[in-house]
2 protein chains.
Amino acid sequence: MAQREVDLDSSVGYALKQAATALRAAMEAALEPLSLTVTQYSCLELLGQRPGLSAAELARGVFVTRQSMQSVLQGLQDRGLLSRSTAPQGRALPTQLTPAGTDLLGRASRAIAGVESRMLQDRSAAEVARLRADLAACVTALEGRQP
Amino acid sequence: MAQREVDLDSSVGYALKQAATALRAAMEAALEPLSLTVTQYSCLELLGQRPGLSAAELARGVFVTRQSMQSVLQGLQDRGLLSRSTAPQGRALPTQLTPAGTDLLGRASRAIAGVESRMLQDRSAAEVARLRADLAACVTALEGRQP
DNA sequence: TGCGCCATGTCAGGAGTCTGACATAGGCTG
DNA sequence: CAGCCTATGTCAGACTCCTGACATGGCGCA
């Protein structure tokens, strides 16, 4: 039958990459007026919703390494958007948003909410929830084990 | 009501990034025994299904720039996996897989097909098709225009 | 108490990708 | 036909992120 192993036109993986790429581009465009990168915004958003997270926990939540998160935090700290407790190495240091950080995060969140609503236009709440659940199921299936 | 603009636990964008990250990690693990990166595999797969594509067209299909695709193609060419016609600049040069490239692509495709089937385990064909259509709709909605 | 183990923060180096720029080929329009 | 515009291939530079490595703090267990 010469059935193709992977067909681009019906591959969910390819569609997933396409969607993630388009979303990232839209987010970059929306955040550009605020001088924020997607990684920086993700970090602020996560910190806003889970105050006191350590750098390593932030890194896992934003899908980058601790080393990368370090420079991201440094940049945000230099802009006065967040504060980190200084302490010896080897210890988890909680991080918090400053008032300026909270303010900027608010504007960024509104911009990103606009992007997400545009992405999901003409979808019912149930359809959106279903899509989100489908994606979450993909994650758990992939993380289960890799034979 | 203090409704949060963006809620991580219900954000489709966050779930999308999570899924794309998990998929990429699984693909890297599956391709590692073949000494192929995800970008290299994507390039080979696209070339296998659309023979004769130019470097610029490949770049768009794999979501990288022409400049990045150049070094990817150079590496694959050095390994004897594909051949490019040499000609003056400013002209679209078709690219083809060599027999060795076709052979390696076959093995890589099987590995990636395994990843995708694991990602979609316990899903009916209709559910898979629906998920793919949902993702495609997100792409078109995002690319429509950015106000 | 002491030891091993894991997690965190940090420093240095390298691989991959992107932005900017240039020359050339092809196509469209006047 | 000439001129303009777009697209392609390519070179150079910079940036981001990752891998590797190290020292330290917290925790469980003998």
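What you see is a predicted model; the values in this text were computed from it and never measured.
C/dG9 atom P lies 9 Å from atom CG of A/Leu73, rounded to whole Å. In this structure, B/Leu93 places its CG atom 15 Å from P of C/dT24, rounding to the nearest Å. A straight line from CD of B/Gln74 to C1' of C/dT17 spans 17 Å, rounded to a whole angstrom. For the pair A/Arg24 CZ and C/dC18 P, the interatomic distance rounds to 10 Å; values are reported in whole Å. Distance CD (B/Glu57) to C1' (D/dG9): 13 Å, rounded to an integer number of Å. Taking atom CG of residue A/Leu53 and atom P of nucleotide C/dT8, one finds them 10 Å apart after rounding to whole Å.
Taking the side chain of A/Arg91 as heavy atoms from C-beta on, and the options D/dG20, D/dG25, C/dG9, the nearest nucleotide is D/dG25. When each of C/dC18, C/dT10, D/dT8 is scored by its nearest atom to the side-chain atoms of B/Val64, the top-ranked nucleotide is C/dC18. Taking every side-chain heavy atom of B/Thr65 into account, C/dC18 is the closest of D/dG9, D/dC17, C/dC18. For A/Gln67, the side-chain atoms get nearest to C/dC11 when compared with the rest of C/dT8, C/dC11, D/dC11.
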Assess the residue pair A/Asp7 and A/Tyr14 against the criterion (side-chain contact (heavy atoms from CB on, under 4.5 Å)); give the C-alpha distance rounded to whole Å, side-chain angles, the decisive distance to 0.1 Å, and a yes or no. CA-CA 9 Å; A/Asp7 179 20; A/Tyr14 192 74; over 6 Å; no
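One finds a side-chain N or O of B/Arg60 lying less than 4.0 angstrom from the OP1 or OP2 phosphate oxygen of D/dT8. Applying the 4.0 Å criterion to OP1 and OP2 of C/dT10, one finds that A/Gln70 has a side-chain N or O inside that range. Between A/Ser68 and the phosphate of D/dT16, there is no side-chain N or O to OP1/OP2 separation shorter than 4.0 Å.
Side-chain atoms of B/Gln77 and B/Ser83 form no donor-acceptor pair, as typed in the model, at a separation below 3.5 Å. Of the N and O atoms on the side chains of B/Glu116 and A/Ser11, at least one donor lies less than 3.5 Å from an acceptor on the other residue. Judged by distance alone, the side chains of A/Gln49 and A/Glu45 do bring a donor and an acceptor atom under 3.5 Å apart.
Below the 3.5 angstrom threshold, one finds no donor paired with an acceptor across the side chain of B/Gln40 and the base of C/dG16.
B/Asp9 has a carboxylate O that lies under 4.0 Å from a charged side-chain N of A/Arg50, or vice versa, which qualifies the two as a salt bridge.
No continuous path of hydrophobic side-chain contacts links B/Val139 to B/Phe63 [ILVMFWY only; heavy atoms under 4.5 Å].
The nearest heavy atom of DNA chain C to A/Ala55 and to B/Arg66 marks one nucleotide each, and the one closer to the 5' end goes with A/Ala55. Nucleotides of DNA chain D nearest to A/Ser71 and B/Arg84 differ in position, and the one nearer the 5' end is that of B/Arg84.
The residue B/Thr39 sits close only to the backbone: its heavy atoms come under 4.0 Å of sugar-phosphate atoms, none of a base.
None of A/Val72, A/Val62, A/Leu31, A/Leu34 except one satisfies the side chain to side chain contact (heavy atoms under 4.5 Å, CB included) rule with A/Gln40; the exception is A/Val72.
The bend of the helix from C/dT1-D/dA30 to C/dG30-D/dC1, defined by the angle between the axes of its first five and last five pairs, stands at 30° to the nearest 10°.
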